[in-house]
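The block underneath contains the structure these notes are about, expressed in structure tokens.
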2 protein chains.
Amino acid sequence: MIFSSELIKGTLKTILLKLLADNQKMYGYEITQRVKELTAGRIQLTEGALYPTLHALEEEGLVTTEVEYMGKRVRKYYRLSDTGMTRKDEKVNEFADFVATMKILLDIEVKPA
Amino acid sequence: MIFSSELIKGTLKTILLKLLADNQKMYGYEITQRVKELTAGRIQLTEGALYPTLHALEEEGLVTTEVEYMGKRVRKYYRLSDTGMTRKDEKVNEFADFVATMKILLDIEVKPA
DNA sequence: CAAAGATACATAAGACTTCGATGTATCAAA
DNA sequence: TTTGATACATCGAAGTCTTATGTATCTTTG
């Protein structure tokens with residue numbers, strides 16, 4: 001099952017911040033692949049959603065960027081800033097609380113990871 | 001903490017379907033109050049979001065409506081259809097799977113309800 | 001008894017986010 | 001050499017939610 005995009009809405013930034021917190025630096029394409037891999041294909045980030053969001057994180061000062069050349073190919077790395085790290089914690093905690101609340105509303109059991 | 005609206009995005013229909021599945025029939029204002037109560041105020045549905053969504057559910061054939069008068073006051077009750085019940089199960093399951101996936105991505109523990 | 005607050009419906013314009021399509025270009029493998 | 005993967009990115013369209021607004025009734029309180 002691939003999750004409906006509506007569900008992923010609102011969690012994209014959180015996912016990106018968490019990935020960058022765990023991996024020092026990542027580039028766009030790498031992120032799409034990592035997410036696909038970690039979720040067994042259930043979440044597939046589209047570039048149309050990913051790049052605008054990465055740029056927004058940069059504008060907010062949550063990530064910094066650095067360009068590297070692999071041969072002639074450009075690779076733009078994104079790295080979490082200190083503010084970004086703080087924001088990541090906030091976002092992840094907020095999501096955990098949200099899920100706890102939704103469990104009450106929907107009366108669901110969440111399978112352990 | 002009131003959850004950022006981004007988080008609630010994509011879950012509103014699921015919440016409504018579940019509430020209606022548990023309560024035979026409910027009216028709009030009642031729904032906003034019930035959700036507020038069940039979530040200790042953390043999720044506050046606005047009418048601008050609620051009514052369009054209820055109308056959409058009706059157009060999709062997932063709910064039926066009936067009008068009652070309390071004195072001179074109109075109350076519009078929403079009731080789940082059979083299709084709506086099926087859709088509710090699908091949506092709730094999808095959300096549960098989504099949360100399981102997000103747990104892996106975000107490496108979180110979800111507190112029991 | 002008047003005013004305020006709660007109950008109850010609803011719409012509409014604007015903002016924001018995401019999707020799907022499109023574009024460019026390099027590299028590797030068949 | 002051509003296909004598929006890698007890698008960046010933007011843009012118009014679509015969808016959803018927010019804020020504001022509108023109408024009207026009922027209840028409580030000063």
Side-chain angles (χ1 to χ4, degrees), chain A residues 2-17 19 23 25-37 41 43-60 62-79 91 98, chain B residues 2-17 19 25-37 41-60 62-63 65-79 91 95 98:
Chain A
I2 296 175
F3 298 120
S4 64
S5 59
E6 304 145 32
L7 268 185
I8 299 167
K9 280 180 192 176
T11 59
L12 181 52
K13 275 190 186 177
T14 310
I15 292 171
L16 297 182
L17 291 173
L19 274 181
N23 293 279
K25 60 176 185 176
M26 296 183 89
Y27 53 97
Y29 187 79
E30 187 185 9
I31 291 173
T32 64
Q33 297 313 106
R34 186 66 59 85
V35 169
K36 194 169 155 187
E37 175 198 322
I43 294 181
Q44 300 195 12
L45 302 185
T46 60
E47 290 157 311
L50 176 64
Y51 288 110
T53 304
L54 283 172
H55 299 162
L57 291 176
E58 192 179 4
E59 273 177 47
E60 290 176 60
L62 303 178
V63 303
T64 58
T65 60
E66 51 201 281
V67 170
E68 278 188 23
Y69 286 87
M70 313 298 290
K72 284 180 178 173
R73 213 144 152 194
V74 171
R75 210 177 251 183
K76 195 168 176 185
Y77 279 101
Y78 295 84
R79 188 189 295 270
K91 284 285 206 177
F98 174 67
Chain B
I2 296 175
F3 297 120
S4 65
S5 60
E6 306 146 31
L7 267 186
I8 300 167
K9 279 180 192 177
T11 59
L12 180 51
K13 276 191 185 177
T14 310
I15 292 170
L16 298 183
L17 291 174
L19 274 182
K25 61 176 186 177
M26 297 182 87
Y27 54 98
Y29 188 78
E30 186 185 11
I31 291 172
T32 65
Q33 296 313 107
R34 185 68 57 84
V35 168
K36 196 168 154 185
E37 176 197 323
R42 293 198 214 86
I43 295 181
Q44 300 195 14
L45 301 186
T46 58
E47 290 157 310
L50 176 65
Y51 288 111
T53 304
L54 284 172
H55 299 162
L57 291 176
E58 191 179 4
E59 273 177 47
E60 292 176 59
L62 303 178
V63 303
T65 61
E66 51 202 280
V67 171
E68 279 187 22
Y69 285 87
M70 314 297 291
K72 283 180 183 175
R73 212 144 151 193
V74 170
R75 210 177 251 185
K76 194 169 176 183
Y77 279 101
Y78 294 84
R79 188 189 293 272
K91 285 282 207 179
F95 185 79
F98 176 67

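Hydrogens, waters and symmetry mates are skipped; everything else that's a heavy atom, side chains included, is used.
Tyr27(B) approaches Lys76(B) most closely through the heavy-atom pair CB-O, 3.2 Å. The two atoms that bring Tyr69(B) and Val74(B) nearest to each other are CE2-CG2, 3.2 Å, heavy atoms only.
Side-chain contact check for Thr53(A) versus Leu45(A): every heavy-atom pair is 4.5 Å or farther apart. In this structure the side chain of Thr65(A) reaches within 4.5 angstrom of the side chain of Glu58(A), judged on heavy atoms. The side-chain heavy atoms of Leu19(B) and Met26(B), taken from C-beta on, include a pair separated by under 4.5 Å. Gln44(B) is not listed as a side-chain neighbour of Thr32(B), based on a closest heavy-atom distance of 4.5 Å or more. Side-chain contact between Leu62(A) and Leu16(A) is absent, with no heavy-atom pair separated by less than 4.5 Å.
Atom CG of Leu45(B) and atom P of dA8(C) are 16 Å apart (whole Å). Lys36(B) places its NZ atom 13 Å from the P atom of dA8(C), with the value rounded to the nearest Å. Atom CZ of Arg34(B) is separated from atom C1' of dA8(C) by 16 Å (rounded to the nearest Å). When the P atom of dA24(D) is taken as reference, atom NZ of Lys76(B) falls 18 Å away, rounded to whole Å. Residue Tyr69(B) contributes atom OH, which lies 14 Å from atom P of dA24(D) at whole-angstrom precision. The CG atom of Leu7(A) sits 17 Å away from the P atom of dG15(D) (whole-angstrom rounding). Met26(A) places its CE atom 16 Å from the C1' atom of dC8(D), with the value rounded to the nearest Å. Regarding Tyr27(B), its OH atom lies at a distance of 17 Å from the C1' atom of dA10(C), rounded to whole Å.
Ion pairing of Lys13(A) with Glu60(A) is present here, as a side-chain N (NZ or NE/NH1/NH2) and a carboxylate O approach within less than 4.0 Å.
Cation-pi check for Lys25(B) over Tyr77(B) is met; the charged atom lies under 6.0 angstrom from the ring centroid and within 45 degrees of its normal.
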Would you tabulate the nitrogen or oxygen pairs shorter than 3.5 Å linking the protein to nucleotides 25-30 of chain C?
from, atom 1, to, atom 2, distance (Å)
dT26(C), O2, Arg73(A), NH1, 3.4
dT26(C), O2, Arg73(A), NH2, 3.4
dC27(C), OP1, Lys72(A), N, 3.3
dC27(C), O4', Arg73(A), NH1, 3.0

Under a 4.0 Å heavy-atom criterion, the protein footprint on nucleotides 11-18 of chain C, written with B, S and -, is B-----SS

